[in-house]
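Heads up, the thing below is written out as structure tokens.
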Amino acid sequence: MDTIGTPHRTGADDAPARQRLFEDNRTNWDDRAALHVASGYGIEELVADPSLISPEVAQDRGRLGDLTGLDVVHLQCHLGTDTVSLSRLGARRTVGVDLSPGSLSRAREIADRAGAGIEFVEANVYDAREAVTGDFDLVYTSIGVLCWSPDVAAWARVVASLLRPGGRFLIRDDHPMFMAVGDDVSDGLRIERPYFQRQRR
């Protein structure tokens, strides 16, 4: 099993190993939430300016189109800064889903301070369909979600299950090769992690 904090590209045939992976990942993101809040993360600027949207959502604004009156779910929302931004683009209902209670407690605080009426749901992304009520016009995910998913096909089925007929899915993520290259590049680039999802044996 990969270490805590290392993106996962392994399969998920072994249920106990998969559960440990999720528990490790939850702890990892609880820790990251505290670190990200302490680093600033653009939170104070977002709270202070009701017209501001996060840099990630700003890059996607042209692709998002008009969200006025739409129902939007943001999967793997972490601190919810992008979720607040989606709400500010006119969504009728905005839901953020994340497996980390540490992230979500901070996301709720940020949304309250920003005056954004957002529903935050604590759930593993694979359980999002059961955890969230209703269907959505838009499912949104941003950078850094796929590398943590041990089963991308199952993840995609969850995305599809949340969309109402005619709904859209928008994902912007790093190229998978970015996560396959080792951290130490002093002697050049080396492929140290798997590029393709692997099945456990």
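Since we're looking at a predicted model, the values are computed, not measured. Reckoned from all heavy atoms, side chains included, excluding hydrogens, waters and symmetry mates.
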Hey, are the side chains of H74 and L86 touching, using non-hydrogen atoms and a 4.5 Å cut-off? yes
S85 versus S54, closest heavy-atom pair with distance: OG-N, 2.8 Å
I need the minimum non-hydrogen distance between G167 and L163, along with the two atoms involved. C-CD2, 3.9 Å
Could you check whether any side-chain N or O of R88 sits under 3.5 Å from a backbone N or O of I53, counting only pairs where one atom can act as donor and the other as acceptor? no
So OG of S103 and CG of D98: to nearest 0.5 Å the spacing works out to 5.0 Å
Minimal non-hydrogen separation, V72 against L67, with atom names: CG2-CD1, 4.4 Å
So OG of S87 and CG of D82: to nearest 0.5 Å the spacing works out to 12.5 Å
Do you reckon V84 sits in the same ILVMFWY cluster as L89, going by side-chain contacts under 4.5 Å, direct or chained? no
Would you call the rings of Y41 and H36 parallel, tilted or perpendicular if under 30° counts as parallel and over 60° as perpendicular? parallel
Tell me whether the count of non-hydrogen atoms from other residues, nucleotides or ligands lying under 6.0 Å of CG in D49 goes above 12. yes
Are V121 and F136 connected into the same hydrophobic cluster when the rule is that any two of I, L, V, M, F, W, Y join if their side-chain heavy atoms are below 4.5 Å apart? yes
Can you tell me how far apart NE2 (H78) and CG (L99) are? Round to the nearest 0.5 Å. 11.0 Å
Considering only NZ, NE, NH1 and NH2 on the basic side and carboxylate oxygens on the acidic side, decide whether E44 and R113 come within less than 4.0 Å. yes
Can you give me the closest heavy-atom contact between I118 and A111, atom names plus distance? CD1-CB, 4.2 Å
Please confirm whether the backbone N or O of L75 pairs with a side-chain atom of T141, one donor and one acceptor, at under 3.5 Å? no
Strictly distance-based, threshold 3.5 Å: is any side-chain N or O of R172 a donor or acceptor partner for the main-chain N or O of E56? yes
Beyond-backbone contact of L138 with L64, side-chain heavy atoms, under 4.5 angstrom: yes
To the nearest 0.5 Å, tell me how far Q76 CD sits from S142 OG. 9.0 Å
Taking side chain as C-beta onward, heavy atoms only, is Y126 less than 4.5 Å from D151? yes
Just checking, any donor-acceptor pair under 3.5 angstrom between side chains of D60 and Y140? yes
Determine the minimum heavy-atom distance between A128 and V97, stating which atoms define it. CB-CG1, 4.3 Å
Less than 4.0 angstrom from a charged side-chain N to a carboxylate O is my criterion; do D137 and R164 meet it? yes
Before accepting this row, confirm whether a basic side-chain N of the pair R129/D135 lies closer than 4.0 Å to the acidic partner's carboxylate O. yes
Counting N and O atoms only, with roles assigned by atom type, does the side chain of R61 sit under 3.5 Å from a partner on the main chain of V57, one being a donor and the other an acceptor? no
Quick check: is V159 connected to V125 through a chain of hydrophobic side chains (ILVMFWY, heavy atoms under 4.5 Å apart)? yes
So which atom in I171 and which in W155 form the shortest heavy-atom distance, rounded to 0.1 Å? CD1-CH2, 3.7 Å
